[in-house]
Amino acid sequence: MLLIDVVRVSEAVARTPARLGKIGHLAELLGRVGPGEAEIAIAYLSGELPQRQIGVGWRSLQDLPGPKLAATATLTDVDALLTKIKSVSGQGSQAARKALVHELFAGLTSQEQAFMLKLLGGELRQGALDGVMIEAVAKASGAPSADVRRALTLRGWLPAVGAAALAGGVPRLKEFRLEVGRPVSPMLAGSAPGVAAALAKAGAPAALEWKLDGIRVQAHRSGSEVRVFTRTLDDLTSRVPELVEAVLALPVEDAVLDGEVIALRPDGRPHPFQVTAARTGSKIDVDRLRAETPLSVFFFDALRVEGADLLDLPYAARQERLAATVPPPLLTPRLVTDDVAEAERFFAEVVKAGHEGLVVKALSSPYAAGRRGAGWIKVKPRHTLDLVVLAAEWGHGRREGRLSNLHLGARDPETGGFVMLGKTFKGLTDELLAWQTERFLALADGPTTEWTVHVRPELVVEVAFDGVQRSPRYPGGMALRFARVLRYRPDKRAEDADTVGTVRALMI
DNA sequence: TTCCGACAGTGGGGTCGCAAT
DNA sequence: ATTGCGACCCCACTATCGGAA
């Protein structure tokens with residue numbers, strides 16, 4: 001199949017707003033792709049590469065050669081070149097990689113170049129990712145989408161699942177099973193503004209588990225072999241020896257467990273997330289780091305124990321198997337209750353202990369991987385500040401032509417100026433985007449670049465955030481974590497905004 | 001007919017490893 | 001030694017479609 005065929009379908013999908021329409025376009029193409037190229041087509045059309053990452057980002061995509069006139073590149077040709085690009089590493093590799101990227105683009109028409117640019121830049125934005133592609137694979141293969149979804153849960157990679165479905169339908173999909181050593185798509189949590197709302201969603205009684213601010217881990221053990229995977233199914237094994245040892249010490253030969261690793265201080269309170277991230281992100285000199293910043297692990301689910309798959313069992317039954325497998329110090333603290341007041345007390349307790357919050361879990365829900373359903377609901381405390389808008393950046397995609405991303409500042413009473421604490425684009429409705437674009441242009445003042453409009457510091461905005469973290473980037477040495485706009489405060493002036501001192505007092 | 005669950009899009013801060021400067 | 005880039009960790013929120021109620 002030619003690349004141009006895929007490009008045309010991608011463009012049609014992007015033009016079609018209706019999901020069913022997108023699915024129709026995708027399924028039509030999947031119906032005519034050959035078995036050798038199905039995986040490539042599915043990957044490209046869901047914005048991914050069969051190679052996953054190839055070490056080429058936006059910077060490596062500058063200064064590309066001009067287009068060819070005739071579209072002759074096949075999917076196989078392009079795939080082979082991408083594999084070659086990925087395989088290049090070592091001294092002088094950047095020049096070699098650049099030459100190969102050059103070669104790739106020189107063989108494409110301008111239409112194909114535009115597509116590859118977006119695909120490699122991770123910005124395909126055609127309104128179809130895994131969720132839509134699952135339906136397209138189902139339609140093209142004749143298999144129920146539930147079977148496709150189930151296979152994806154167990155395999156974690158849709159192009160492989162889709163190719164199998166197209167080649168062999170339901171029987172081939174049924175061959176995907178939970179395998180020790182191969183990661184499963186992890187179950188994710190939705191969110192609720194408070195404990196009571198979360199209990200209402202999950203249905204009482206529900207289980208409340210501590211939410212630890214660390215790294216999600218899926219641990220697989222088969223005999224003396226242990227492997228650990230992250231939320232995105234990357235292998236983390238070599239970076240977390242403590243976890244490997246803990247799993248090897250369990251009284252089972254065969255298990256798949258879900259949990260969180262976190263760096264705790266000697267007094268048992270958690271380090272800031274940055275400390276855990278730095279520790280789990282390092283693969284050099286892990287033994288030395290381990291002595292300085294040991295990791296603890298807390299498990300909260302069991303997907304398989306001694307040959308028995310537990311995914312379809314209700315939460316309560318999985319908990320029983322977990323408790324029978326893992327010693328109490330390695331279990332995530334939890335409480336089962338239907339009493340809102342008791343739940344609120346538990347929430348206050350976990351926050352006081354320095355942790356992130358709670359995850360509220362329905363007792364009956366199976367391990368529904370990959371979807372943020374109502375089975376698990378997270379609850380976190382929320383801070384707010386009144387900050388001053390210092391500048392705004394032009395948006396992209398559906399926010400094109402609107403000033404979108406706000407630069408937020410706290411008042412500095414000593415200098416009379418403002419100290420930038422970070423940016424946010426979250427919480428803005430279309431109406432608010434239109435309003436602020438107009439307002440900011442009227443307030444424009446100071447240096448204005450291609451992307452940024454600086455404004456007179458007059459508008460006060462109420463911002464919610466999860467915490468204040470140490471920052472190497474911003475002048476105050478601190479930044480807001482997960483900042484989002486709640487509302488503008490036309491009733492407040494810049495002199496009424498919160499000060500740097502207030503923010504500093506919130507830093508961990 | 002209305003409601004609501006699932007999805008895609010729009011980006012945020014921080015850290016590491018690696019290659020180039 | 002320092003810097004820039006790419007890849008991953010953590011993530012919140014709104015708009016929209018289409019099936020459920």
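A note on names: the letters A, B, ... follow the listed sequences, proteins ahead of strands, and every chain is numbered from 1.
- The ring pair (Phe, Tyr, Trp, His ring centres under 6.0 Å) search around A:Trp451 returns none, not counting sequence neighbours.
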Before you tell me yes or no, could you show the steps for A:Arg288 and A:Glu292 under salt bridge (charged side-chain N to carboxylate O under 4.0 Å, His left out), namely the whole-Å CA-CA distance, both residues' side-chain angles and the distance that decides it to 0.1 Å?
CA-CA 7 Å; A:Arg288 185 178 58 78; A:Glu292 289 166 9; 3.0 Å; yes
Tell me, for nucleotides 14-21 of chain C in 5' to 3' order, what letter each nucleotide earns: B for a base near a protein heavy atom under 4.0 Å, S for only sugar-phosphate near one, - for neither?
SSBBSS--
Please produce a list of atom pairs where a protein N or O lies less than 3.5 Å from an N or O of nucleotides 17-20 of chain B.
residue	atom	partner	partner atom	Å
B:dG17	OP1	A:Lys283	N	3.1
B:dG17	OP1	A:Ile284	N	3.3
B:dA19	OP1	A:Gly90	N	3.0
B:dA20	OP1	A:Gly92	N	3.4
B:dA20	OP1	A:Ser93	N	3.4
B:dA20	OP1	A:Gln94	N	3.2
B:dA20	OP2	A:Gly92	N	3.1

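- Other residues, nucleotides and ligands contribute over 12 non-hydrogen atoms within 6.0 Å of the CD atom of A:Glu344.
- Within 4.0 Å (heavy atoms only), A:Asp130 reaches sugar-phosphate atoms of the nucleic acid but no base atom.
- Within the 4.0 angstrom heavy-atom criterion, no nucleotide atom of any strand lies near A:Leu432.
- Within the 4.0 Å cut-off from OP1 or OP2 of B:dT15, at least one side-chain nitrogen or oxygen of A:Gln274 is found.
- Across all strands shown, A:Thr280 has no heavy atoms under 4.0 Å from either base or sugar-phosphate atoms.
- At the heavy-atom level, A:Ala479 lies under 4.0 Å from the strands shown only through sugar-phosphate atoms.
- Listed pair A:Arg481 / B:dG13 fails the phosphate criterion, with no side-chain N or O lying under 4.0 Å from OP1 or OP2.
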Under the criterion salt bridge (charged side-chain N to carboxylate O under 4.0 Å, His left out), I'd like the reasoning laid out for A:Glu393 against A:Lys423: C-alpha separation, chi angles, the key distance, then a yes or no.
CA-CA 10 Å; A:Glu393 295 173 17; A:Lys423 310 178 187 178; 2.9 Å; yes
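- Checking the phosphate oxygens (OP1, OP2) of C:dG6, a side-chain nitrogen or oxygen of A:Trp58 falls inside 4.0 Å.
- For A:Arg279 (side chain) and A:Arg239 (main-chain N/O), a donor-acceptor pair under 3.5 Å exists by modelled atom type.
- Across all strands shown, A:Ser191 has no heavy atoms under 4.0 Å from either base or sugar-phosphate atoms.
- The A:Pro472 side chain lies nearest to B:dT15 when the options are B:dG11, C:dG6, B:dT15.
- B:dG9 is paired with C:dC13 under the criterion used here, namely a Watson-Crick or G-U wobble arrangement in which both key atom distances are under 3.5 Å.
- Applying the 4.0 Å criterion to OP1 and OP2 of C:dC8, one finds that A:Gln53 has a side-chain N or O inside that range.
- The phosphate of C:dA12 (OP1 or OP2) has a side-chain N or O of A:Lys380 nearer than 4.0 angstrom.
- Here the nucleotide nearest the side chain of A:Arg125, chosen from B:dG12, B:dG9, B:dT15, is B:dG9.
- Using a 4.0 Å heavy-atom cutoff across all strands shown, A:Gln126 reaches sugar-phosphate atoms only and no base atom.
- Using a 4.0 Å heavy-atom criterion, one finds that A:Lys22 contacts no nucleic acid atom at all.
- A:Ser404 comes within 4.0 angstrom of the backbone, heavy atoms only, and of no base.
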